[in-house]
Amino acid sequence: MDSKVPDPLALLSKRAYTDSMKKSISDVIKEEKVEVTAHVPKESDTWICPLVQMGLYGVRNDQEATSALLEGTERQSSVSLATGYLNLTDEYVDIIRESKAKFRVLTASPQANGFLGAAGPAGHVPYAYIYIARWFYERMRSGERSDRVRLEEYTREKWTFHAKGLWYYLSDSLLPVMTLIGSSNFGHRSVSRDLELQFGIVTKNERLRESLEIEHEDLFSYSDAITDETFRREDRRVHWLQALVTRAIWSFL
């Protein structure tokens, strides 16, 4: 066994194993950071930073970086965020509520949810996300947030939606200067339960920024704004039992 990886049989408790894993992983990250930083050319126009999230082991690089990015947004700047499964953590929701930046949040419509029509309990998953989407929508309605935060859903015939990412635009720019690319859905499960890896990319390179904008527009071109009327539609009705179960398993979604 690799000497950097703790042997679970040699540890007597879950806490000891978790602490040992956190130290081993953190040490590797620190070593790589020092190595890479020492060889970054001064003339670089693009920086790429790996972000690891292993909430079960207390490794929260991605969460910390995402929170710092959202908190550091300037007035009139813009953030576009895409997630196939909208269930942002309370921390992210609170930051968005207090931010002065503009936000577009894109998620899957029920028709673009891969679980739609599935047999058994899985068939109820789209209704859980309808319930969560309505909760998020209502949290953003009060005050000036209704004009500043726009919730949208991806709708494209015969397509499902599982895209994820974040694009950040400065107040005076039509092209993104930063993006997050990776596996995280920015939700409770991604932050606390799953193992995730993202890359934060900051760039001044015009060609790369144009490519990121094309990617962004390709995704959002199939979006429709979610409004009060959306939740009055028959296909958005959530049974009280579905709502009850959703609340019980909220952090697993």
Side-chain angles (χ1 to χ4, degrees), residues 44-51 62 65-66 68-88 92-93 95-96 99-114 116 126 129-130 132-133 136-137 140 144-187 190 196-227 229-230:
S44 296
D45 62 7
T46 301
W47 295 264
I48 303 175
C49 178
L51 303 170
D62 182 59
T66 302
L69 169 61
L70 296 178
E71 288 178 330
T73 53
E74 60 184 29
R75 182 182 292 271
Q76 296 303 315
S77 62
S78 300
V79 177
S80 290
L81 186 152
T83 171
Y85 300 106
L86 177 65
N87 187 18
L88 302 185
Y92 295 162
V93 170
I95 293 173
I96 292 172
S99 174
K100 299 302 181 183
K102 298 178 181 179
F103 285 83
R104 295 179 70 184
V105 180
L106 177 63
T107 191
S109 67
Q111 293 74 25
N113 188 300
L116 185 68
Y129 286 105
I130 292 173
I132 294 172
F136 178 81
Y137 176 79
M140 297 299 158
E144 63 178 17
R145 301 184 192 97
S146 57
D147 297 325
R148 191 175 51 75
V149 182
R150 175 183 169 99
L151 181 58
E152 305 175 37
E153 59 182 16
Y154 184 94
T155 305
R156 189 176 181 183
E157 188 176 359
K158 296 182 180 180
W159 281 64
T160 58
F161 182 78
H162 199 261
K164 55 201 73 174
L166 183 150
W167 299 260
Y168 178 55
Y169 301 74
L170 297 176
S171 57
D172 59 351
S173 178
L174 297 176
L175 299 175
V177 295
M178 180 177 183
T179 188
L180 295 179
I181 300 172
S183 62
S184 176
N185 277 299
F186 306 101
S190 290
E196 307 285 6
L197 175 64
Q198 292 210 103
F199 291 91
I201 302 176
V202 180
T203 184
K204 298 185 292 184
N205 185 289
E206 287 298 308
R207 287 187 61 188
L208 178 54
R209 293 176 66 196
E210 290 170 359
S211 295
L212 293 176
E213 176 61 11
I214 291 172
E215 171 191 64
H216 170 267
E217 286 304 312
D218 283 346
L219 282 177
F220 280 77
S221 65
Y222 291 96
S223 69
D224 296 310
I226 290 178
T227 65
E229 186 60 33
T230 303

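Atoms CG and CG, from Leu51 and Leu69 in turn, are 10.0 Å apart once rounded to the nearest 0.5 Å. Of the inter-residue distances, the one linking Asp224 atom CG with Leu151 atom CG reads 11.5 Å to the nearest 0.5 angstrom. Summarising the geometry, atom CE belonging to Met178 is positioned 8.0 Å from atom SG belonging to Cys49; distances are rounded to the nearest 0.5 Å. Rounding to the nearest 0.5 Å gives a distance of 7.5 Å between OG of Ser184 and NZ of Lys164. Considering NE2 of His162 and CG of Asn113, their distance stands at 9.0 Å, rounded to 0.5 Å. A distance of 12.5 Å separates CG of Leu219 from CD1 of Ile214, quoted to the nearest 0.5 Å.
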Review point. Can Arg104 and Ser223 be said to form a side-chain contact (heavy atoms from CB on, under 4.5 Å), step by step?
Key: CA-CA 10 Å; Arg104 295 179 70 184; Ser223 69; 3.9 Å; yes
Check your understanding: Which is it for Val202 and Tyr168 under the side-chain contact (heavy atoms from CB on, under 4.5 Å) test, yes or no, and what are the steps along the way?
Key -> CA-CA 9 Å; Val202 180; Tyr168 178 55; over 6 Å; no
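In this structure, Leu86 and Tyr129 approach most closely via the heavy-atom pair O-CD2, 3.5 Å. The two residues Phe186 and Ala82 have their closest heavy-atom pair at CE1-O, 3.8 Å. Shortest non-hydrogen contact noted between Asp62 and Tyr92 is O-OH, 4.3 Å. Nearest heavy atom pair, residue Tyr137 against residue Ile226, reads CE1-O, 3.4 Å. Residue Arg209 comes nearest to Pro176 through the heavy atom pair NE-O, 3.0 Å, listed as atom of the first residue, atom of the second, then distance. Contact detail for Gly200 and Leu180: the closest heavy-atom pair is CA-CD2, 3.6 Å.
The closest side-chain heavy-atom distance from Glu215 to Trp167 is below 4.5 Å. Between Lys100 and Gln76 there is no side-chain heavy-atom pair separated by less than 4.5 Å. At least one side-chain heavy atom of Ile130 sits under 4.5 Å from a side-chain heavy atom of Pro110. Contact of the Gln111 side chain with the Pro126 side chain is not registered, since no non-hydrogen atoms from C-beta on lie closer than 4.5 Å. When side chains are defined from C-beta on, Leu174 does not count as touching Glu213, because their heavy atoms never get closer than 4.5 Å. You'll find the side chain of Arg156 stays beyond 4.5 Å of the side chain of Phe161, heavy atoms only. In this structure, Thr107 and Phe136 have side chains that are not in contact, with every pair of non-hydrogen atoms separated by 4.5 Å or more. A 4.5 Å side-chain heavy-atom check between Asp45 and Leu208 finds every atom pair outside the cut-off.
Partners of Glu210 according to the side chain to side chain contact (heavy atoms under 4.5 Å, CB included) rule, which considers only residues two or more places apart in sequence or in another chain, are Leu175.
With respect to Tyr154, the ring-ring contact (aromatic ring centres under 6.0 Å, His included) criterion is satisfied by exactly one of Tyr222, Trp159, Tyr85: Tyr222. Only one option out of Ile181, Thr179, Val79 pairs with Leu166 in a side-chain contact (heavy atoms from CB on, under 4.5 Å); it is Val79.
At distances below 3.5 Å, at least one donor-acceptor pair connects side-chain atoms of Thr83 with backbone N or O atoms of Asn185. The main-chain N or O of Leu197 is found under 3.5 Å from a side-chain atom of Ser183 such that the two form a donor-acceptor pair. The backbone N or O of Ile95 lies less than 3.5 Å from no partner atom in the side chain of Ser99, so there is not a single donor-acceptor pair. The backbone N or O of Ala101 sits less than 3.5 Å from a side-chain atom of Arg148, completing a donor-acceptor pair.
Counting non-hydrogen atoms of other residues, nucleotides and ligands closer than 6.0 Å to CH2 of Trp47 gives a total above 12. More than 12 heavy atoms of other residues, nucleotides or ligands lie within 6.0 Å of CZ in Phe220, so this atom counts as buried by the packing criterion.
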